[in-house]
Structures are given as C-alpha cells and as structure tokens.
Amino acid sequence: MPRRSLRSLRAALPLDRYLSTVEELPPLLTSSSLFNNDAPLEIEVGSGKGLFMQTASAAEPDHNFLGIEIAHKYAASAAARLARNEQSNARMVAGDAEPLFQAKIPEGSLEAVHVYFPDPWWKTRHKGRRVLNEAFIENATRCLRIGGRFHFWTDVLDYFESTIEKAALVAPNLGPPIPEIAPAAEHDLDYRTHFERRSRKHRIPVYRVCYRKQA
Ligand SMILES: C[S@@+](CC[C@H](N)C(=O)[O-])C[C@H]1O[C@@H](n2cnc3c(N)ncnc32)[C@H](O)[C@@H]1O
C-alpha cells in the first residue's frame, strides 16, 4: 500500500493549536501566554522533524515544550506529529530562534534550552552563521532560570569544542560542561532526535553536553 505523504497527513489535521508563525506569537513567550498554565517551559531550537518534541513532551507531561524551527516545512511536520498525539503541552513556531531569544523570552524564565545537531556550516567563511554564536549563548543563558539546563549535542567535533570555549567566555554562569550519556536504543523512537539516530546508526561519534545555570 502506498504511504501517505506528509502533505496529505498535514492537510487532514487541524494544526492551529500546534503551529504558529512569529507574527502570530504573543508579545512574550511564557507558559502562561502559550499554554495558559505556569508549568516549567523548555524550548528546543531547530526541531527538524520533531522527534524530540514528541518524545520529550510525552515523557514530561508536567512541563511545556516549545519548538522553534526556521524551515516552515519542518515546523509543520513537527506540529503534525504533536497534533496526531494530541500533545497539549507542546507546540511549534515556524521562525528564527535568535530574535525570539533576544526580545521575547523573559529573563530567568526557562527550565531548559535544547539544541540538537545544529547546522554545522562547514566552510570557514560560513561559520558565522552557526546558531550557537556568542550572542545566542548569552541570550539563552539569560533566559534560563537558576538551575535551568542547556543541552547541546552534535556530531561535529569542531562545533562542540568551539561552543564549549565560547560558553566559558561569554556565559561563565552556565557553570561547567557536564557530559551526557545517551541511553541504549532498542527502537527508532529511542533516539533523542532524527539526526542522533542517523549518526548512531552510521557509527558516527556524537558529542553531548549539558550545563546547569549557576546563581
Ligand atoms: C541539522 S538539523 C537538526 C534537526 C534536529 N534537531 C535533529 O537533531 O534531528 C538543524 C535544524 O535547525 C534549523 N535551524 C537552523 N537555524 C535555525 C534558527 N536560527 N532558528 C530555528 N531553527 C533553525 C534547521 O532548519 C534544521 O531543521
């Protein structure tokens, strides 16, 4: 039997509760404005097809999850996953995370920021386009509550090392980098993200770190 395309799946699902453009967002992004409650808010930057958003929001029903994905096609696909699972504690924004962290997220408000397998921008002249630049690291740290977590995983060693160096310089209050261990995966949904699944299945090393913001 032929598989249904992403497009036809999306057409059948009302995504209004799960997908917003930047223009449709409230002035400040908080649990109260987005989910009408005061549960801890976690944000994923660059959700891709949304595996993390699906599994994390199901595993932590007492937390809210906002995924920010610049590619509308992927943001809609991730939102469709959440809609299919009727995940009331998670939603997607189709847009650029950087200005949102600069202007729309209150200081000290977030439980966690997740950045998994950000685009590496391999060429030296393009590395300035990496989402984990100094300004973003500073803004994300400012938006975390004391004790809040910053997770960063990648399979690009140079990106991993330079981000750790930048964080130590511009956001010393993130504290020391704490290595994270990925659990064994028995099922395709056991990976943190689609890119993590791909890397591990191809035996490509993955570098994982978590920070906890200090007082
Ligand atoms: C390499 S993919 C990884 C996707 C997913 N995190 C995973 O691990 O499977 C990086 C994603 O980040 C998104 N992205 C890049 N820059 C972004 C930005 N400034 N704001 C939001 N999303 C961004 C890209 O569109 C892409 O979907």
Side-chain angles (χ1 to χ4, degrees), residues 6 10 18-25 29 34 41-59 65-82 90-105 110 112-123 126-143 149-160 162-163 166 180-183 185 187-210:
L6 271 180
R10 289 206 301 271
Y18 296 97
L19 180 63
S20 313
T21 62
V22 169
E23 294 70 32
E24 290 164 348
L25 289 171
L29 306 183
L34 295 165
L41 179 61
E42 306 200 20
I43 294 188
E44 186 190 23
V45 173
S47 303
K49 295 181 194 164
L51 178 57
F52 171 76
M53 288 295 293
Q54 176 191 346
T55 52
S57 58
F65 291 82
L66 179 68
I68 309 175
E69 169 53 58
I70 203 165
H72 196 285
K73 179 178 78 169
Y74 287 120
S77 165
R81 264 174 189 277
L82 301 174
R91 54 189 282 185
M92 294 296 308
V93 179
D96 184 348
E98 296 194 61
L100 298 183
F101 272 83
Q102 213 173 342
K104 280 176 121 16
I105 301 170
L110 297 181
V113 176
H114 303 262
V115 186
Y116 300 118
F117 300 82
D119 293 324
W121 295 106
W122 293 104
K123 290 184 183 164
H126 291 158
K127 284 186 181 166
R129 299 181 190 174
R130 287 179 169 177
V131 75
L132 287 177
N133 54 50
E134 283 89 346
F136 180 83
I137 294 169
E138 272 189 282
N139 282 325
T141 305
R142 185 177 45 74
C143 295
R149 292 166 287 123
F150 181 88
H151 298 265
F152 166 47
W153 294 15
T154 180
D155 56 7
V156 181
L157 182 58
D158 142 63
Y159 202 165
F160 184 72
S162 64
T163 300
K166 285 188 179 100
E180 280 199 280
I181 310 288
H187 185 277
D188 266 359
L189 295 183
D190 291 343
Y191 298 91
R192 181 102 17 142
T193 70
H194 287 92
F195 269 66
E196 200 218 3
R197 182 197 298 162
R198 192 196 62 166
S199 295
R200 281 173 66 184
K201 287 198 165 175
H202 288 88
R203 300 189 181 286
I204 297 168
V206 174
Y207 309 97
R208 305 174 180 86
V209 72
C210 173

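As the structure is a computational prediction, the values presented were derived from the model and not from experiment. Both ligands and their constituent atoms are indexed starting at 1 by order of listing.
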- Could you tell me which non-hydrogen atom of Ile137 sits nearest to which non-hydrogen atom of Leu132, and how far apart they are? CD1-O, 4.1 Å
- Message: Let's go through Asp158 and Arg130 carefully: what are the C-alpha distance in whole Å and the side-chain angles of both, what is the deciding distance for salt bridge (charged side-chain N to carboxylate O under 4.0 Å, His left out) to 0.1 Å, and is it a yes or a no?
- Response: CA-CA 12 Å; Asp158 142 63; Arg130 287 179 169 177; 2.9 Å; yes
- The reported gap from CG in Asn139 to CZ in Arg142 (rounded to nearest 0.5 angstrom) is 4.5 Å
- Item | Leu66 side, atom CG; Ser57 side, atom OG - distance, nearest 0.5 Å | 11.5 Å
- Message: For ligand 1, give me the residues whose heavy-atom distance to it is below 4.0 Å, by chain and number please.
- Response: Gly46, Ser47, Gly48, Ile68, Glu69, Ile70, Ala71, Gly95, Asp96, Ala97, Tyr116, Phe117, Asp119, Val131, Thr193, His194, Phe195
- Item | Expected output: side-chain Arg91 to main-chain Ser20 donor-acceptor under 3.5 Å | no
- Compute whether any side-chain donor of one residue and acceptor of the other, for Tyr116 and Arg192, lie under 3.5 angstrom apart. yes
